[in-house]
Number of protein chains: 2
Amino acid sequence: MKADEILKQHIAKTVSLTDEQFDYFFSHFKYQSFRKGQVILGEGDKVESEYFVLSGCLKAFFINDEVKMYILQFSMPTWWTSDYSALYNNARATINIDCITDAEVLSISNNDREKLCRELHQAEHFFRWRTNKGYVAVQKRLLSLMNNDTRKRYEELLGMYPELYNTVPKHLIAAYLGVSRETLSRLYNSSR
Amino acid sequence: MKADEILKQHIAKTVSLTDEQFDYFFSHFKYQSFRKGQVILGEGDKVESEYFVLSGCLKAFFINDEVKMYILQFSMPTWWTSDYSALYNNARATINIDCITDAEVLSISNNDREKLCRELHQAEHFFRWRTNKGYVAVQKRLLSLMNNDTRKRYEELLGMYPELYNTVPKHLIAAYLGVSRETLSRLYNSSR
DNA sequence: CTCATTGCGTGACCTAGATCACAATTTGAA
DNA sequence: TTCAAATTGTGATCTAGGTCACGCAATGAG
């Protein structure tokens, strides 16, 4: 499917736009394609855009002082990603985004998003609901991290996104769950 | 300060409304006051409203199968709170909200918020930015939970909200940090 | 084809924090 | 005032998961 079709269908789940409105909306996005391993956003970069995934799989991650990696989000097709803290506050990136597989994205700048939101009430509505859902999802994950042990969180993750099992290396899954790769390895190589 | 003034100043940080617009906006809120310990939202309730805190301190918390409590949020004046997952999905509450101290709130129903967002572009803008900030804050907390040990998270929390030290019992702070009350107790009764 | 990198499994040991048990203190309602 | 409930401290264990160290397989660039 073409980029505009993918975005159109995604938007249509939340708001209805006329073809003219959508074309205008779409005209603010830039198509970009990346190879596996390429960095889309690096720590310290100025953050000017957010990204809508068309194909492939990205990861947004944080590296701490001891060079341990924590994955905030795997981004699959129709997901949005960026360093939102930096993007909204016009600051430098503290998180990184790169490609787990070859990937295609549509990017839109912060300025253009805000412009669209001003010009098109439905755009504002769409982005409000997108973040609403994101907020609920992150809060749910926070609760899961506090409440559930590693095994339960692992099952939860693969229950929700079975495709991850084949597309992403296990040590990345461990970095998402917040445990060491050794712990995750022992987890599914030991009987329940 | 009066309820309308508190809300007005809060809103003004994000959008500018005329007095007429604000009065209309404000007319959708209901003033409610509660005593310490009172339950505002209980697990299993239909969730119809969200709450803007005028005074006092609320907690939003989850109780798991082993009757352990996890606090998602302490809500101080000018904070918003609800079971947003349930509110947005028109479902029953899975989290509880009650009053740590006597408290006053303004409540607005999901329907009225959506109505306001439809009628007033600036209202939609305001609520979009409120959630944007909330999203960033929860994501930051998630990262802190994965990356930092208890002592660091404790210092982070009290650095951000020093007033919590006097207003809320320590076992609630433990429930926010995601550790047992014993661990927290040992933490600040042992030298660094 | 070949060699270096990346990914993965596993043993040995260590530690932060959980759990259980008990005591002391504070607080609030009757 | 009085007594029960709520709050906090602390010792004695226990355990999930971290860390270190190694070996082995898969893969991908030259």
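Numbered from 1 within each chain, the chains take letters A, B, ... in sequence-line order. These numbers come from the heavy atoms of this one structure, side chains and all, not from hydrogens, waters or symmetry mates.
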| Any side-chain N or O of B:T183 less than 4.0 Å from the OP1 or OP2 oxygen of C:dA18? | yes

| Base, sugar-phosphate, or nothing for B:G37, non-hydrogen atoms under 4.0 angstrom? | nothing

| said: C:dG9, OP1 or OP2 - any side-chain N/O from A:Y188 closer than 4.0 Å? | reply: yes

| message | Donor-acceptor check, side chain of A:D83 to backbone of A:T94, threshold 3.5 angstrom: yes or no? | response | yes

| message | Starting the side chain at C-beta, find the nucleotide from D:dG18, C:dT10, C:dG17 nearest to A:S180. | response | D:dG18

| request: Find the distance B:R181:CZ to D:dA6:C1' and express it as a whole number of Å. | output: 11 Å

| request: Report the distance from atom CG of A:L172 to atom C1' of C:dC8, rounded to the nearest whole Å. | output: 13 Å

| When you measure from the side chain of A:D149, which nucleotide among D:dG17, C:dG17, D:dT19 comes out closest? | D:dG17

| query | Salt bridge check: are A:K140 and A:E156 linked by an N-O gap of less than 4.0 Å? | reply | no

| task | Using the closest heavy atom to pick a nucleotide of DNA chain D for each, name whichever of A:L184 or B:V168 lands nearer the 5' end. | result | B:V168

| If only side-chain N and O atoms of B:S185 are considered, is one of them under 4.0 Å from the OP1 or OP2 phosphate oxygen of D:dT8? | no

| field | Donor-acceptor contact below 3.5 Å, side chain B:R181 vs main chain B:A174 | value | no

| task | Mind calculating the distance between CD1 (A:I100) and C1' (C:dT6) to the nearest angstrom? | result | 15 Å

| task | Rounded off to whole Å, could you give me the OH-to-C1' distance for the B:Y154 and C:dA16 pair? | result | 18 Å

| request: Quickly work out the A:R153 CZ to D:dA16 P distance and round it to whole Å. | output: 14 Å

| Among the nucleotides C:dG28, D:dG17, D:dT8, which one has an atom lying closest to any side-chain atom of B:P169? | D:dT8

| query | Below 3.5 Å, does any donor atom in the side chain of A:E182 face an acceptor in the base of C:dC8, or the other way round? | reply | no

| message | Can you measure B:L187 atom CG to C:dA18 atom P for me and round it to whole angstrom units? | response | 11 Å

| field | Interatomic distance where CZ belongs to A:R186 and C1' belongs to D:dT19 [whole Å] | value | 10 Å

| message | Starting the side chain at C-beta, find the nucleotide from D:dG18, D:dG9, C:dC8 nearest to A:H171. | response | C:dC8

| query | Using a cut-off of less than 4.0 Å, is there contact between a side-chain N or O of B:K68 and OP1 or OP2 of C:dA18? | reply | no

| request: Using a strict cut-off of less than 4.0 Å between a Lys/Arg side-chain nitrogen and an Asp/Glu carboxylate oxygen, indicate whether A:E124 and A:R113 qualify as a salt bridge. | output: no

| query | Looking at B:K36, B:R35, B:K59, which one forms a salt bridge (Lys or Arg N to Asp or Glu O under 4.0 Å) with B:D98? | reply | B:K59

| task | Taking only the side-chain heavy atoms of B:K170 (C-beta and beyond), determine which of C:dT10, D:dG18, D:dT8 contains the nearest atom. | result | D:dT8

| query | Taking atom C1' of C:dC8 as reference, at what distance in whole Å does atom CD1 of A:I173 sit? | reply | 13 Å

